[in-house]
Amino acid sequence: MNKTPEKTSLRGMAYASMFSALMAIGAYIMIPLPPVPITMQTLFVMLSGALLGGYLGALSQIGYILLGIIGLPVFAGGRAGIGVLIGPTGGYLIGFVAGAFILGKLTSLRRDPGVFWLMGAITAGMIVVYTLGIIQLMIVAKLSFLKAVSVGLLPPLPGDAAKIIAASLICRKIRRHIFNRI
Amino acid sequence: MITLGQYINNNSFGHRLDARVKILATVILSLLIFQARGWEIFLISSFVFIVCFICRLNFFSIWKALQPLVWFAVLLFALHLFFTDGTVLFTAPYLPVEITAEGLSRGLIIAWQFIALALCGVLLTMVTSPSDLVHGLTYLLGPLKYLRVPVQDIAVMVSMSLRFVPTLLEEYDRIKQAQIARGSAIETGRPARKIKSLAALIIPLMVSAFRRADDLTEAMEARGYARGPRTTLNQQHFGREEVFALLVLGVLLSLVLTSQFLRAPFP
């Protein structure tokens, strides 16, 4: 998957745009897990990077953000518009792009990554997502670091731990479907 | 949910206006909505209502589009109403709940922001066809191509995912019903089982989505799709109407900015 931008195939583009659509739907797939219900968005962030590789994964996240900017209610909680991007939670959206890129690059370092390599790569990507998210939360909502962490990191943490495991397993199962095709 | 703000074909000033201007107006409005306090709220609200009127949208269709979000707005309002500290206005008997003046005003503002933002987005998508939207967005993002961002490819991708969203949503509903019929524990059951049944939901969804993407790729290749700048059926135009719309927007922007500057001058 080490392809230069000019060489992304049409199939790769179609897969990436499909992940943008999955992200949009992921905002509406809610699983009631304690303590807070989780959405499937971060799961699709993980899968987009892990399955498509860094470059296409990041493109799919950019496509998702653009869907929201042109007014489709695809951001978490049915929101839309450029205001969300510069609002308190906008850092997570930017983090999705960076996180998908980094975890995709890490995944494609190995030819056939095992479950533990995938888990490590995805965890690294999620750390990027939350770092960017919390930085913007601190700046825009003027919260202290501890408060931002307790609002922006701790509630989704158990859900995300579960999602990292689920994403690694799902990735192992689906990978052969699309491997050698992009 | 996805019927929200579907394009309604009509011929009004708002429909004829160039998509670039409309996107720009929505972006500026959503920035203003986030900053608005006091009488600016009334200014922006009346502006949005006038735009609805000019675009000849009937209020029933707007209401239908906003209806699913109203409950969320009410929830946000209640959240701020009950959990903000300040001067107590009213204490509910028998309940550990106090309603404060700060809570009331903040809740109203937050709920208004939410509805107004949603209304702007709905308006944009109701009077602009998706292909025009994508085309306008490509133009506005054009400068990014000097940073080696593949703007053309991204535009094609966004229009593809616009097409994918309703299909996949339908597919998701079907898979979910099928799995529940087979005894999936997605809504009941312990966390560990929920994760398992989640995988049983996500994997079929993704495999089916990849298959659809494959079909689309083959269809596009068979029709001779080529990379590069694309032409569209409707050309973008920048005429007198666009200048007028930008002027009105400028007046609104300067009014709100002046009011903000008067309220809190820079230190």
Side-chain angles (χ1 to χ4, degrees), chain A residues 5-6 8-25 28-29 31-34 40 43-44 47 51 59-60 62-64 66-74 77-87 158-159 162-163 165-167 169-170 173-174 177-178 181, chain B residues 1 4-5 23 26-27 30-31 33-34 68-69 72 113-114 117-118 120-125 130 133-134 137 141 148 150 153-154 156-165 167-169 172 186-187 191 194-195 198-199 201-203 205-207 209-210 212-214 216-217 220-221 225 227:
Chain A
E6 289 78 20
T8 34
S9 67
L10 182 57
R11 195 178 297 273
M13 275 169 61
Y15 284 170
S17 57
M18 196 203 67
F19 260 106
S20 312
L22 282 174
M23 285 291 294
I25 294 165
Y28 293 104
I29 306 180
I31 309 293
L33 257 184
M40 285 304 102
L43 181 75
F44 287 127
L47 286 174
L51 287 171
L59 268 190
S60 73
I62 292 173
Y64 162 68
L66 287 179
L67 279 182
I69 288 178
I70 63 174
L72 254 69
V74 296
R79 290 176 304 163
I82 191 122
V84 179
L85 199 61
I86 58 159
K163 276 186 270 184
I165 300 170
L169 297 173
I170 292 174
K173 283 205 167 166
I174 297 187
H177 278 273
I178 66 158
R181 277 205 183 172
Chain B
M1 195 67 213
L4 205 150
I23 294 172
T26 313
V27 168
S30 49
L31 292 180
I33 285 168
F34 261 97
L69 298 178
F72 202 77
Q113 277 181 351
F114 186 76
L117 276 178
C120 287
V122 165
L123 268 180
L124 178 69
T125 45
L133 266 182
V134 173
L137 206 63
L141 293 179
R148 298 197 50 196
D153 285 355
I154 291 177
V156 174
M157 281 171 49
V158 171
S159 33
M160 279 200 265
S161 27
L162 270 176
R163 175 68 192 74
F164 273 132
V165 169
T167 321
L168 287 184
L169 203 62
Y172 168 71
I186 196 73
E187 309 213 311
K194 271 184 195 164
I195 293 174
L198 182 69
L201 210 61
I202 299 295
I203 291 177
L205 179 66
M206 301 225 347
V207 169
F210 279 128
R212 277 174 199 282
D214 282 339
L216 183 72
T217 313
M220 283 172 81
E221 274 168 356
Y225 171 80
R227 304 306 250 319

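Labels below follow one simple rule: chain letters A, B, ... track the order of the sequence lines, proteins then strands, and each chain is numbered from 1.
Neither the backbone nor the side chain of A/Tyr64 comes within contact range of chain B; no heavy atoms are under 4.5 Å apart. Looking at B/Gln113, neither its backbone nor its side chain comes within 4.5 Å of chain A, counting heavy atoms on both sides. Neither the backbone nor the side chain of B/Ile33 has a heavy atom closer than 4.5 Å to any heavy atom of chain A. Contacts between B/Leu123 and chain A at a heavy-atom distance below 4.5 Å are absent for every atom of the residue. For chain B, the nearby parts of A/Leu59 are the backbone and the side chain; heavy atoms of each come within less than 4.5 Å. Of the two parts of A/Leu169, neither the backbone nor the side chain holds a non-hydrogen atom closer than 4.5 Å to a non-hydrogen atom of chain B.
Between the NZ atom of A/Lys163 and the CG atom of A/Leu43 there is a distance of 7.0 Å, given to the nearest 0.5 Å. The distance from atom CG of B/Leu169 to atom CD1 of A/Ile25, rounded to the nearest 0.5 Å, is 5.0 Å. The CE atom of A/Met23 sits 11.5 Å away from the OG atom of B/Ser161 when rounded to the nearest 0.5 Å. A distance of 11.5 Å separates CZ of B/Phe164 from CZ of A/Phe19, quoted to the nearest 0.5 Å.
By the side-chain contact (heavy atoms from CB on, under 4.5 Å) test, A/Ala14 is found to be paired with B/Met160, B/Ala213, B/Thr217, residues two or more places apart in sequence or in another chain being considered. Remark: B/Leu162 engages A/Leu67, A/Ile70, A/Leu72, B/Pro130, B/Val134 in a side-chain contact (heavy atoms from CB on, under 4.5 Å) (not counting sequence neighbours).
Chosen from B/Ile23, B/Ile202, B/Leu205, the residue pairing most often with chain A at heavy-atom distances under 4.5 Å is B/Ile202. Per-residue counts of heavy-atom pairs under 4.5 Å with chain A were compared for B/Val207, B/Thr167, B/Leu216, B/Leu137; the largest is that of B/Leu137.
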